[in-house]
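One structure is given here, and the rest of the page talks about it.
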Amino acid sequence: MLEKIKESALFLEQKISTQPTVGMVLGSGIGGIVKDIEVEIEIPYKDIPNFPESTVVGHKGTLIFGRLNGVFVMVMNGRFHYYEGHSMKDLTFPIQVMNKMGIKKLILSNAAGGMNPSFEIGDIMIIRDHINLMGNNPLMGRNYDELGPRFPDMSEAYSKKFIKKAKEIGKANHIKLQQGVYLAVTGPCFETPSEYRMFYTMGADAVGMSTVPETIVARYLGMEVFALSVITDLGVIGQVEKADHLEVLHAAKTAEPNMIKLVRELLPQL
Ligand code: HPA
């Protein structure tokens, strides 16, 4: 594992001129930010040693290095999901590589179903905490003490400092921002009305199929995390409608300009 992380990091370091300072994982609803990046190099995942391959429609599979609003970033343009059959270790491997390359800050984004009745489709939610209901954890198995502790703390999984800055940016730019708890399931099916109700009762505001494994690994490694959800469908009690992937992608598109604006402005302030 340690050797593989080192090998992938070395491979990438040889291809870039500057050390990236922020890592990003682009989920649905923010992919368009790629056109704002002054790309130094874009590498398909399949060309990177030890990287898994991405298989989902609407999710690309390249790693981009470049400058975004003055910040040199390492961007996963498309992520790996547990439901694709990747192991938790494999799908979080790129976070290990980011850390090995010296990155200490991570921005994650995803599409999620909203359960909080005050949410609307197209809302952006700042994730303030999460609930892991994936039934697995990327830190299972042997621990490497040189990477992080056996029992890592999760009391502030999402940086309060980053959240505060994001809210200030939202206010200054008239971007409507929700804030809430993201609950992660494996997918790939969407939830039954009873499941949405259960998750809301448990204290979650939104549900999705990603992000939590990456956050857990990043915190374990001592990285600071900021994460956003685009609310693409509603699992609100009494008004659950049929959800499908294309609708999710469409709803995610409507939020995209504000997602991009927020992240662009936030980057130099992290
Ligand atoms: N549930 C789970 N994952 C999702 C949803 C949802 O309603 N919407 C987008 N990703």
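Read the numbers this way: they start at 1 and go in the same order the structure lists the ligands and their atoms. Everything numeric here is computed off the predicted structure, so don't read it as measured data. Residue numbers run from 1 in the order of the sequence given.
In this structure, Gly208 has a heavy atom closer than 4.0 Å to ligand 1.
Heavy atoms of Val207 found under 4.0 angstrom from ligand 1 belong to the backbone as well as the side chain. Residue contacts with ligand 1 for Ala112 involve N, CA, C or O but no side-chain atom from C-beta outward (heavy atoms, distance under 4.0 Å).
Without hydrogens or angle criteria, Asn69 side chain to Arg264 main chain gives a donor-acceptor distance under 3.5 Å. Counting only distance, with no hydrogens or angles, the side chain of Arg197 and the backbone of Thr201 share no donor-acceptor pair below 3.5 Å. Remark: the backbone N or O of Glu224 is not paired with any side-chain donor or acceptor of Ser159 at under 3.5 angstrom.
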Run the ring-ring contact (aromatic ring centres under 6.0 Å, His included) test on Tyr196 and Phe190 for me, step by step, so that the C-alpha distance in whole Å, both residues' side-chain angles and the decisive distance to 0.1 Å come before the verdict. CA-CA 9 Å; Tyr196 283 123; Phe190 292 109; 8.2 Å; no
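Looking at atom 9 (C) of ligand 1, its nearest protein heavy atom turns out to be Thr232 OG1, 3.4 Å. Residue, atom and distance of the protein heavy atom nearest to atom 2 (C) of ligand 1 are Glu191 OE1, 3.3 Å. Looking from atom 7 (O) of ligand 1 to the surrounding protein, the closest heavy atom is Asp233 OD2, 2.6 Å.
Between Arg79 and Glu214 there is a salt bridge, since a side-chain N of the basic residue sits under 4.0 Å from a carboxylate O of the acidic one.
Residue contacts with ligand 1: Val185 is placed with no nitrogen or oxygen under 3.5 Å of a nitrogen or oxygen of the ligand (distance criterion only).
Taking each of Gly113, Gly187, Ala252 in turn, the one with a heavy atom nearest to atom 5 (C) of ligand 1 proves to be Gly113.
Under the 4.5 Å side-chain heavy-atom criterion for ILVMFWY residues, no single connected hydrophobic cluster contains both Phe51 and Leu10.
Contact atoms of ligand 1 toward Met209: 2 (C), 3 (N) (distance under 4.0 Å to a heavy atom of the residue). Short contacts between ligand 1 and Phe190, defined as distances under 4.0 Å to a heavy atom of the residue, involve ligand atoms 1 (N), 4 (C), 5 (C), 6 (C), 7 (O), 8 (N). Within ligand 1, counting atoms from 1 as listed, the ones closer than 4.0 Å to a heavy atom of Ala111 are 9 (C), 10 (N).
Both tests pass for Lys15 against the ring of Phe11: distance under 6.0 Å to the centre and angle within 45° of the axis.
In this pair, Phe80 and Tyr45 present their aromatic rings tilted. The plane angle is within the 30 to 60° band.
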